[in-house]
Novice: 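Below you will find the structure I want to go over with you.
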Amino acid sequence: MPELPEVETIARKLRPALVGKRILSVSLRWKRTLAEPSPAAFKKRLIGQRIQEVSRRAKFLRLQLSRDTLLVHLRMSGDLTVVRGSYRTAKHDRLILGLTGEMRLVFNDARKFGRVWLTDDPDAILAALGPEPLAEDFTPRDLYARLHQRRRLLKPLLLDQTFLAGLGNIYTDEALHLARLHPLLPSDAVTPDQAAVLWQAIREVLMEGIRRNGASIDWVYRGGDFQNHFRVYGRTGEPCPVCGTPIERMVVGQRGTHFCPKCQLPLPIEPL
DNA sequence: CACGAGACCTGTTCGC
DNA sequence: TGCGAACAGGTCTCGT
């Protein structure tokens with residue numbers, strides 16, 4: 001799915017197109033896309049509300065409406081776009097909102113994992129999320145403290161949205177490589193210096209992803225080009241950009257994991 | 001608490 | 001060419 005940079009890119013693109021528009025109609029084409037409330041209540045409450053703000057929290061898109069909040073999670077294959085004028089329903093369209101100004105907000109999701117919530121209490125749904133890695137109050141010391149609160153492998157821990165919000169499989173592999181830390185390193189073995197390096201690496205890869213408008217891979221193209229700048233993700237067998245050693249792939253926590261066996265030492269790098 | 005397996009889904013690519 | 005297996009940006013639940 002879209003990870004933090006892709007969701008941020010979508011939020012930035014949707015914001016100017018959506019803010020101020022009023023919702024006129026609702027077409028729910030796959031019932032399970034709607035997490036809550038019931039389809040009938042969803043339609044009844046949604047129609048007539050005005051979109052006041054579009055933002056992102058973790059990998060959630062958040063549309064602040066007149067009275068409620070519409071939360072959208074794209075999961076693996078979801079995409080949210082605005083179209084103007086006449087529109088022919090496309091394959092995999094799951095939800096279409098008709099808006100003022102001949103506009104439509106279309107949620108397309110091939111794998112049907114994506115979910116939409118209409119709620120007057122979005123914080124209840126977002127409550128368990130960990131800190132935003134790009135927030136100003138998220139510090140290297142915070143990261144170090146959190147790493148030592150648990151005893152888990154680095155890769156699965158970084159993917160855990162209650163630990164840190166927004167990283168997915170791509171950016172986790174990229175950040176670990178940039179930080180030269182092994183995916184299987186126990187979280188409580190990370191030193192303060194390594195935590196600071198990891199903190200910087202996480203923010204760097206996320207910021208680069210945003211700057212490049214996210215990554216576009218497979219059949220979901222959104223205009224981003226970060227996929228052309230991956231250091232390790234999906235580059236099994238290709239040379240490590242740092243040392244030239246072939247990138248290896250293994251499975252960690254049931255996720256394909258790409259790393260450099262030479263740069264990313266499994267144990268803390270001792271200074272001579 | 002940590003971890004692995006299975007589920008939820010469809011589509012593309014890989015290997016024989 | 002064909003066909004099944006493996007794999008895919010995520011998260012949830014259950015069993016150990």
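Hydrogens, waters and symmetry mates play no part in the numbers below; they use all other heavy atoms, side chains included.
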Novice: Just the rounded figure in Å: distance from P of C:dA6 to CZ of A:Arg111.
Specialist: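 Rounding to the nearest Å, CZ of A:Arg111 and P of C:dA6 are 16 Å apart.
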Novice: Rounded to whole Å, please give me the gap between NZ in A:Lys31 and C1' in B:dC9.
Specialist: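 Atom-to-atom, A:Lys31 to B:dC9, this comes out as 18 Å.
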Novice: For A:Gln254 and A:Gln149, take the nucleotide of DNA chain B holding the closest heavy atom to each; which residue's nucleotide lies nearer the 5' end?
Specialist: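 Mapping each residue to its closest nucleotide by heavy atoms, the 5'-most match is A:Gln149.
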Novice: In whole angstrom, what separates A:Leu159's CG from B:dC3's P?
Specialist: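 To the nearest whole Å, that distance equals 12 Å.
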Novice: Using OP1 and OP2 only, check whether a side-chain N or O of A:Arg151 sits under 4.0 Å from B:dA2.
Specialist: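 No, outside the criterion.
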Novice: Rounded to the nearest Å, what distance is computed from the CG atom of residue A:Leu80 to the P atom of nucleotide C:dG10?
Specialist: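 One finds 18 Å between P of C:dG10 and CG of A:Leu80, rounded.
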Novice: Between P on C:dC7 and CE on A:Met250, what's the gap in Å once rounded to a whole number?
Specialist: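 Atom-to-atom, A:Met250 to C:dC7, this comes out as 15 Å.
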Novice: Mind telling me whether A:Phe230 and A:Phe226 have parallel, tilted or perpendicular rings, with 30° and 60° as the class edges?
Specialist: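 Geometry flag for A:Phe230 against A:Phe226: perpendicular rings.
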Novice: For nucleotides B:dC1 and C:dG10, find the distance between their P atoms and express it as a whole number of Å.
Specialist: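 Between the two P atoms, the distance is 24 Å.
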Novice: Quick one: is C:dA8 close enough that its OP1 or OP2 comes under 4.0 Å of any side-chain N or O from A:Arg249?
Specialist: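 Result: yes.
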Novice: Once you apply a heavy-atom cut-off of 4.0 Å, does A:Gln161 come out as touching a base, just sugar-phosphate, or nothing?
Specialist: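 Touches sugar-phosphate only.
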Novice: Between B:dT10 and C:dT1, how far apart are the two C1' atoms, rounded to whole Å?
Specialist: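 Approximately 23 Å lies between the C1' atom of B:dT10 and that of C:dT1.
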Novice: Give the ring-plane orientation class for A:Phe259 versus A:His182, where under 30° counts as parallel, over 60° as perpendicular and anything between as tilted.
Specialist: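 Answer is perpendicular, since the angle exceeds 60°.
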Novice: Mind listing the closest non-hydrogen atom pair of A:Val83 and A:Val106 along with its distance?
Specialist: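 Of all heavy-atom pairs spanning A:Val83 and A:Val106, the closest is CG2-CG2, 4.0 Å.
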Novice: Tell me which nucleotide, if any, is Watson-Crick or G-U wobble paired with B:dG6 when both distances must be under 3.5 Å.
Specialist: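 Across all strands, the one nucleotide that pairs with B:dG6 is C:dC12.
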Novice: Does a side-chain N or O from A:Arg32 land closer than 4.0 Å to OP1 or OP2 of B:dC9, or not?
Specialist: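 A:Arg32 to B:dC9 OP1/OP2: side-chain N or O found under 4.0 Å.
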Novice: Under 4.0 angstrom, heavy atoms only, what part of the nucleic acid is A:Arg115 near: base, sugar-phosphate, or nothing?
Specialist: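 The residue A:Arg115 makes no contact with any strand.
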Novice: With centres under 5.5 Å and planes under 30° as the test, does A:Phe113 stack with B:dC8?
Specialist: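 Yes; centroid distance and tilt both under limits.
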Novice: If you count heavy atoms of other groups shown closer than 6.0 angstrom to CD of A:Glu36, is the number above 12?
Specialist: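 More than 12 within 6.0 Å, yes.
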Novice: Using atom CG of A:Leu129 as one end and atom P of C:dG10 as the other, report the distance to the nearest whole Å.
Specialist: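 Checked: the CG to P distance equals 14 Å.
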Novice: Would one find a side-chain N or O of A:Lys112 under 4.0 angstrom from OP1 or OP2 of B:dC8?
Specialist: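 A:Lys112 to B:dC8 OP1/OP2: no side-chain N or O under 4.0 Å.
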Novice: Measure CG/A:Leu71 against C1'/C:dT11 and give the value in whole Å, please.
Specialist: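 My rounded result for the distance is 15 Å.
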Novice: Is there a side-chain polar atom (N or O) of A:Lys91 under 4.0 Å from OP1 or OP2 of B:dT10?
Specialist: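 Answer is no, no contact under 4.0 Å.
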Novice: Please confirm whether the shortest side-chain N or O distance from A:His92 to OP1 or OP2 of B:dT10 is below 4.0 Å.
Specialist: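 No, no such contact exists.
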Novice: Minimum heavy-atom separation for A:Ala195 and A:Pro140, please, with both atom names.
Specialist: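 Scanning both residues completely, I find the closest heavy atoms to be CB-O, 4.4 Å.
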Novice: In whole angstrom, what separates A:Glu3's CD from C:dG10's C1'?
Specialist: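 So the CD-C1' distance, A:Glu3 to C:dG10, works out to 9 Å.
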Novice: Say we look at B:dC9 and C:dC3: how far apart would their P atoms be, to the nearest angstrom?
Specialist: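 The answer is 26 Å between these two P atoms.
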Novice: Minimum heavy-atom separation for A:Ala165 and A:Gly130, please, with both atom names.
Specialist: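 Where A:Ala165 meets A:Gly130 most closely, the heavy atoms are CB-O, 3.5 Å.
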Novice: When you check the phosphate oxygens OP1 and OP2 of B:dC1, does a side-chain N or O of A:Arg150 lie under 4.0 Å from one of them?
Specialist: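 For A:Arg150, the contact criterion (side-chain N or O under 4.0 Å from OP1 or OP2 of B:dC1) is not met.
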